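Here is the structure we will look at.
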Amino acid sequence: MKRILIIEDDLSLANGIALALKDSEFTFVQAQDLHFAWQEIENTTFDLIILDINLPDGNGLDFLKELRRHSAVPVIILTANDLETDVVTGLELGADDYITKPFSLMILRARVGARLRSAAPSVEDTILINGFQFSFAKMEFFKNGISIELSKTEQKLLRILLENRGHTLTRAQLVDGIWTDGAVYVDENALSVTVKRLRDKLEDTPSSPVYIKTVYGIGYTWAVV
């Protein structure tokens with residue numbers, strides 16, 4: 001199920017967008033201001049954000065700039081601002097697409113579909129990234145050519161982070177993904193311990209991690225470097 005956040009103060013337009021994109025594989029959250037949008041982002045992981053620029057409590061471009069400090073979630077800007085400078089600014093700040101009003105709902109559907117497909121998480125068994133080589137099928141892991149031993153729990157955490165790299169995962173999502181059987185109570189400290197052990201094995205300076213970043217108050221992310 002793909003979760004889409006629509007940040008648009010025009011309620012009728014937001015409802016129209018949700019209706020136009022209605023699909024059994026989509027769920028929608030609507031936010032009419034940035035304050036509510038941030039609350040939703042802190043509690044939920046979204047697969048796509050549709051963002052207006054002119055909002056009652058701030059500018060969507062400022063929101064995008066702050067969002068990109070800790071998230072690579074695809075963002076489609078949807079706005080009446082059609083000046084070339086506005087488009088360029090939006091794209092330079094990290095927007096994945098820019099659609100000006102008025103717009104075709106058919107085109108919006110196509111672009112949303114394209115962004116979701118291009119952002120689909122990697123599920124390959126061997127991942128080469130930042131000097132690392134991770135082969136989950138063979139359970140072989142290397143840092144700069146040197147073998148690293150990872151426990152099964154550390155492997156699960158690493159794979160989830162890599163398949164969602166650039167996206168922030170909440171602590172609850174990670175706990176559910178790592179300890180999936182639900183048969184044994186998992187102490188809330190177990191995730192913190194596993195993250196620390198994985199950082200100790202992968203990071204040059206575990207106390208100042210480059211890859212496994214803490215997003216305070218939310219969870220963790222594998223940073224896109």
Side-chain angles (χ1 to χ4, degrees), residues 1-122 163-170 213 215 217-219 221-225:
M1 184 70 71
K2 301 293 186 181
R3 290 182 291 271
I4 298 176
L5 174 61
I6 302 172
I7 308 175
E8 168 61 64
D9 62 327
D10 185 332
L11 184 58
S12 61
L13 176 57
N15 289 336
I17 292 170
L19 183 62
L21 298 176
K22 188 176 180 180
D23 188 289
S24 60
E25 296 183 358
F26 295 161
T27 59
F28 300 95
V29 173
Q30 296 182 27
Q32 292 181 266
D33 57 51
L34 296 177
H35 176 73
F36 184 75
W38 281 123
Q39 288 183 324
E40 290 299 316
I41 289 171
E42 288 174 0
N43 296 308
T44 306
T45 297
F46 290 97
D47 298 285
L48 178 75
I49 295 175
I50 296 175
L51 173 66
D52 189 13
I53 287 182
N54 300 310
L55 293 156
D57 57 344
N59 187 290
L61 295 178
D62 294 333
F63 169 90
L64 177 60
K65 184 177 181 179
E66 180 62 27
L67 179 71
R68 282 292 177 255
R69 295 182 188 274
H70 59 77
S71 175
V73 60
V75 174
I76 296 177
I77 291 179
L78 193 63
T79 180
N81 293 11
D82 59 356
L83 294 177
E84 184 176 284
T85 52
D86 292 326
V87 176
V88 170
T89 299
L91 296 175
E92 287 182 342
L93 287 174
D96 297 89
D97 206 342
Y98 197 111
I99 302 175
T100 57
K101 304 173 184 176
F103 57 91
S104 161
L105 291 175
M106 185 177 296
I107 290 177
L108 177 62
R109 280 185 63 91
R111 292 195 180 182
V112 166
R115 290 302 159 194
L116 290 173
R117 286 192 297 273
S118 64
S122 169
E163 290 182 347
N164 295 276
R165 50 189 178 269
H167 295 260
T168 299
L169 298 174
T170 67
K213 294 279 196 178
V215 181
I218 304 177
T221 184
W222 183 283
V224 176
V225 179

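Since this is a predicted model, take the numbers as computed values, not measurements.
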Quiz prompt | Taking every non-hydrogen atom, the tightest pair across Leu21 and Phe28 | solution = CB-CZ, 3.5 Å
Self-check item: Heavy-atom pair of closest approach, residues Arg3 and Thr27
Solution: CG-OG1, 3.2 Å
Quiz item: Going through the distances and angles, do Ile77 and Leu61 end up as a side chain to side chain contact (heavy atoms under 4.5 Å, CB included)?
Solution: CA-CA 9 Å; Ile77 291 179; Leu61 295 178; 3.8 Å; yes
Quiz item: Are any side-chain N or O atoms of Thr170 and backbone N or O atoms of Gly219, one a donor and one an acceptor, separated by less than 3.5 Å?
Solution: no
Exercise. Report yes if the side chains of Leu51 and Leu64 come closer than 4.5 Å at any heavy-atom pair, otherwise no.
Key: yes
Self-check item: Atom NZ of Lys65 with >12 non-hydrogen neighbours under 6.0 angstrom
Solution: no
Self-check item: Inter-residue atom distance Glu40.CD - His35.NE2, 0.5 Å rounding
Solution: 10.5 Å
Self-check item: Derivation of the side chain to side chain contact (heavy atoms under 4.5 Å, CB included) call for Thr79 and Tyr98
Solution: CA-CA 8 Å; Thr79 180; Tyr98 197 111; 3.3 Å; yes
Quiz item: For Leu169, does its backbone N or O pair with a side-chain atom of Asn164 as donor and acceptor, under 3.5 Å?
Solution: no
Practice problem: For residues Ile17 and Gln30, determine if any side-chain heavy atom of one lies less than 4.5 Å from a side-chain heavy atom of the other. | Solution: no
Quiz item: Is Arg115 reaching over with its side chain to a backbone N or O of Ile76, donor-acceptor style, under 3.5 angstrom?
Solution: no
Quiz prompt | Closest non-hydrogen atom pair, Asp47 against Lys2 | solution = OD2-CA, 3.3 Å
Quiz prompt | Any residue meeting salt bridge (charged side-chain N to carboxylate O under 4.0 Å, His left out) with Glu66, in chain and number order, not counting sequence neighbours | solution = Arg69
Quiz prompt | Sidechain-backbone polar pair: Arg68 side chain, Phe63 backbone, donor-acceptor under 3.5 Å | solution = no
Quiz item: For the side chain of Thr168 and the backbone of Thr45, is there at least one donor-acceptor N/O pair under 3.5 Å apart?
Solution: no
Quiz item: Does any non-hydrogen side-chain atom of Ile7 lie less than 4.5 Å from one of Asp52?
Solution: no
Self-check item: Nearest non-hydrogen partners of Ala31 and Leu5, listed with the distance
Solution: CB-CD1, 4.3 Å
Self-check item: Rounded distance (nearest 0.5 Å) linking atom CZ of Arg111 with atom CD1 of Ile50
Solution: 12.0 Å
Exercise. Could you walk me through whether Leu55 and Asp33 pass side chain to side chain contact (heavy atoms under 4.5 Å, CB included), step by step?
Key: CA-CA 6 Å; Leu55 293 156; Asp33 57 51; 5.7 Å; no
Exercise. Measure the CD1-CG distance between Ile49 and Leu78 for me, rounded to the nearest 0.5 Å.
Key: 13.5 Å
Self-check item: Which atom of Pro56 lies closest to which atom of Gln32, heavy atoms considered
Solution: CD-O, 3.4 Å
Quiz item: Which pair of heavy atoms, one from Leu67 and one from Ile41, lies closest together, and at what distance?
Solution: CD1-CD1, 4.1 Å
